[in-house]
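Have a look at the structure below before the remarks.
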There are 4 protein chains.
Amino acid sequence: MAVKREIQASVKDQKLVEMRRGQMIRGAVSLFKQKGFHRTTTREIAKAAGFSIGTLYEYIRTKEDVLFLVCDSIYERVQNRLSSIDLETGSLQDLKLGIAHYFRIVDEMQDEVLVMYQEVKSLSNEARSYVLKKELEMVGMFDQLIRRCAENGELSLTRDHQKMLAHTIFVQGQMWGFRRWALQKTYTIDEYIRLQTDLLFPESSSKGLAEIGG
Amino acid sequence: MAVKREIQASVKDQKLVEMRRGQMIRGAVSLFKQKGFHRTTTREIAKAAGFSIGTLYEYIRTKEDVLFLVCDSIYERVQNRLSSIDLETGSLQDLKLGIAHYFRIVDEMQDEVLVMYQEVKSLSNEARSYVLKKELEMVGMFDQLIRRCAENGELSLTRDHQKMLAHTIFVQGQMWGFRRWALQKTYTIDEYIRLQTDLLFPESSSKGLAEIGG
Amino acid sequence: MAVKREIQASVKDQKLVEMRRGQMIRGAVSLFKQKGFHRTTTREIAKAAGFSIGTLYEYIRTKEDVLFLVCDSIYERVQNRLSSIDLETGSLQDLKLGIAHYFRIVDEMQDEVLVMYQEVKSLSNEARSYVLKKELEMVGMFDQLIRRCAENGELSLTRDHQKMLAHTIFVQGQMWGFRRWALQKTYTIDEYIRLQTDLLFPESSSKGLAEIGG
Amino acid sequence: MAVKREIQASVKDQKLVEMRRGQMIRGAVSLFKQKGFHRTTTREIAKAAGFSIGTLYEYIRTKEDVLFLVCDSIYERVQNRLSSIDLETGSLQDLKLGIAHYFRIVDEMQDEVLVMYQEVKSLSNEARSYVLKKELEMVGMFDQLIRRCAENGELSLTRDHQKMLAHTIFVQGQMWGFRRWALQKTYTIDEYIRLQTDLLFPESSSKGLAEIGG
DNA sequence: AATGAATGAGTGTTCATTCAT
DNA sequence: CATGAATGAACACTCATTCAT
């Protein structure tokens, strides 16, 4: 588990810091969504957060801090929602449910996921690695689910294949968000889930990939 | 086929325009790679291209033009290299070769692909759709290859599954670039190709996904 | 009466805005005087006003705003000083006093009047009409004075002649400023007033124009 | 008579220089009319003149040279047209005809006069004095006409009054151009001539100013 | 004599950040 | 703790002028 990366605040009252940063993040996400990190000014963030530019700087040190806070909070929320998945039982059925659950979270938090997806690269190296570490934790969740399936014989994959599959699943979730311009014109989230699941596990519908829908 | 989108130049000599823009693109790609589009200044671009800021603006009208030129040129080059694939014969073997070929192109043009991947969103709507249209053409290539396999019975997929697969393959290529921080530590491009191909077409090695490497 | 045309400021404290704009206008007039609007840079204006370029832009939005503020303030001041004229009594004597008063104001505010005179054309259409409306109000003052003289029989002029005379008087005032290179070498303001008054109202010295000084 | 002020040209062929400068002036006047001297670029001038920027600079040395050429040519043309006035006969009737003639020239060359009027200030001191000297020559013409009237008893004015009147007439001509926004909405040039003449010489219609139109 | 590509100083404007109140 | 006025480095872009061809 990654160590908490602290953003310095001048204000001491931790409850207040938490609250102000909440406002800040909500405002910033909505702005980044519209215009991206670089085109959003700190003044706009302060205004959207409901306080002055001076106050903003009482709770962060640089503009980049806002971006970090935003990315961090988004991962936190995704991870939170993902945590309802039971990693222990681990049948193929559970894996599929996990995937469906994850895809639906991405669908619901589309804007946030997109923002994070497009802006992490603007973080400093340190902040970026911190955030990406969280991403790997999520990939790890899928890896574990897949592993269980391998262990109970429902999937027969090498460790390398398992890990790659976990990565692929994770990216396919994000893909629903970052390729929405192409995908969401054609499919609903439910169709997307069904199609991708079919492609990932053709045999599980007792058909090979060669026979899906055949 | 998309209509050519022309960027206006003050200089009339077309050969010269071509050449200068070549220099400009090479310089810009290398800068965008390091610092992204927004953090790169027009002066830096001019310098990297080997001429003055005044000259830069003889060949473009706005900074965004540079980004468009860069994205356009990258797609052009990827597409060019992809064009060696024979879309007509269409056995499963050809599809796999096509995928491997595409993944290798992405590997070689990694920096460019990453740049384009991260910066398209900064283009104006018009320029972005133009570029994305090119992307869909590439997806279309895979779709056609897959369709052939379906037609000759090597793959049995509905049209929806076929299209989704085409998208997935395309994204998995890019994924090698944009998730290099995670993937390239662990795998070589050849391993990546093998693993992803295995996962995409498990039955083709006469094994279901459930048995790969088993 | 023209509606107030507001120039937007980022700074909220109205008293401060007033003060800073005062500094700005004083600095700008002196610069425009020397080098004209186009050859004066915003940085020079800021410096002359006594603050930084950043601060300048807290009180205006574009360079043109400065020009408008300058023109507006000059008219305001001229009009203010003119307002001491009593428009109601209206003997020929009052008209002449009014003219003399106006000519003296132009003399004292020579630089300002010249600046405004030469630079209004650089204003946007909207701003220009706003400023010119004020000019017409001043012309209107002379028109009213003349009208009174016509009503009490001291001048016998058609309405058209009255209006033209008002315009002419107004221009003759400005003329003292914009033709200073020719006039002020030869005449003092008092001589100018006397000569022009004689030419405008020859009969009033109980001589026709044909006999002035004869 | 002022000494000719020469603008240096690299090209030797005087006939060619004359011709090219003619093209240049025609193009420039039309541009200055629309956007003023400062907002017009040398490239635009070259284009409007029908040749390249390189060629433009074969016939002038700086952008200001173009402005000088333009102002000079306009004065030249006005003076040329004015030269048809007979300065010798000199009755009051001739003076009035001269005024009418001058006002009509201004009316016809309105755009040119306005351009010159608004842009002389952008000339260097040297060039400006040269041009203004020409203006004084024109004022001198009116002065001479007026003097004749004084000599033959039709006007009885001191020398000072005479000179002032000459200036005033000259400015009233320009006024028709530079105050067109106010005057030309209300009057035709013929009305303007009549009204101003009436105001200038009230007695000549055997009425004092006090009785015009009465 | 004519061209037009190249130059770079200079322009208006923005915006992250600070700090006195 | 909160405010918002002040700052100035930095930016995209322009344009008069030069000079090799």
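Chain letters run A, B, ... following the sequence lines, proteins first and then strands; every chain starts at 1.
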Which residue lies more 5' along DNA chain F, comparing C:Arg20 with D:Glu58 via nearest heavy atoms: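 Upstream on the strand: C:Arg20.
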Classify the nucleic acid contact of A:Ser10 as base, sugar-phosphate or nothing, counting any heavy atom under 4.0 Å across all strands shown.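 The residue A:Ser10 makes no contact with any strand.
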Closest approach of D:Ser122 to D:His38 (non-hydrogen atoms, all atoms of both residues):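 Here D:Ser122 and D:His38 meet closest at OG-CE1, 3.3 Å.
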For DNA chain E, the dot-bracket notation using Watson-Crick and G-U wobble pairs below 3.5 Å, [ ] for pseudoknot-type crossings and | for other-strand pairs, is .||||||||||||||||||||
Please list, chain by chain and in numerical order, all residues satisfying salt bridge (Lys or Arg N to Asp or Glu O under 4.0 Å) with D:Arg43, sequence neighbours excluded.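 If we apply the salt bridge (Lys or Arg N to Asp or Glu O under 4.0 Å) test to D:Arg43, skipping adjacent residues, the hits are B:Glu58.
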Mind checking salt bridge (Lys or Arg N to Asp or Glu O under 4.0 Å) for B:Glu6 and listing every partner two or more places apart, or none if nothing turns up?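 B:Glu6: no salt bridge (Lys or Arg N to Asp or Glu O under 4.0 Å) contacts found.
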Please enumerate all residues that pass ring-ring contact (aromatic ring centres under 6.0 Å, His included) together with [X], with sequence neighbours excluded.
{"X": "D:Phe51", "answer": "none"}
{"X": "B:Phe178", "answer": "A:Tyr117, A:Phe178, B:Tyr117"}
{"X": "C:Phe32", "answer": "C:Phe37"}

DNA chain E: 5'-proximal contact among B:Tyr59 and D:Phe51 (nearest heavy atom): D:Phe51
Pairing residues for A:Lys33 by the side-chain contact (heavy atoms from CB on, under 4.5 Å) criterion, not counting sequence neighbours: A:Val29, A:Asp111, A:Val115
Solution key, residues 15-25 of chain C side-chain donor-acceptor pairs under 3.5 Å, sequence neighbours excluded:
residue, atom, partner, partner atom, Å
C:Arg20, NH1, C:Gln23, OE1, 2.8
C:Arg21, NE, C:Tyr59, O, 3.2
C:Arg21, NH1, C:Ile7, O, 3.4
C:Arg21, NH2, C:Ile7, O, 2.7
C:Arg21, NH2, C:Tyr59, O, 2.9
C:Gln23, NE2, C:Ala49, O, 3.1

Using a heavy-atom cut-off of 4.0 Å to chain D, what are the terminal contacting nucleotides of DNA chain E, in 5' to 3' order? E:dA1 to E:dA6
Taking OP1 and OP2 of F:dT3, is either one under 4.0 Å from a side-chain nitrogen or oxygen of A:Tyr57?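 Checking A:Tyr57 against F:dT3: no side-chain N or O falls below 4.0 Å of OP1 or OP2.
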Selection residues 118-131 of chain C - residue pairs positive for salt bridge (Lys or Arg N to Asp or Glu O under 4.0 Å), sequence neighbours left out: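 Checked against salt bridge (Lys or Arg N to Asp or Glu O under 4.0 Å) - neighbours excluded - the pairs reaching residues 118-131 of chain C are C:Arg5-C:Glu126.
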Are there any protein N/O atoms within less than 3.5 Å of an N/O atom in nucleotides 8-10 of chain F, and if so, which ones and at what distance?
residue, atom, partner, partner atom, Å
F:dG8, N7, C:Gly54, N, 3.1
F:dA10, N6, C:Arg43, NH2, 2.5

Return the set of residues passing side chain to side chain donor-acceptor pair (under 3.5 Å) with D:Thr62 (not counting sequence neighbours), or none when no residue passes. none
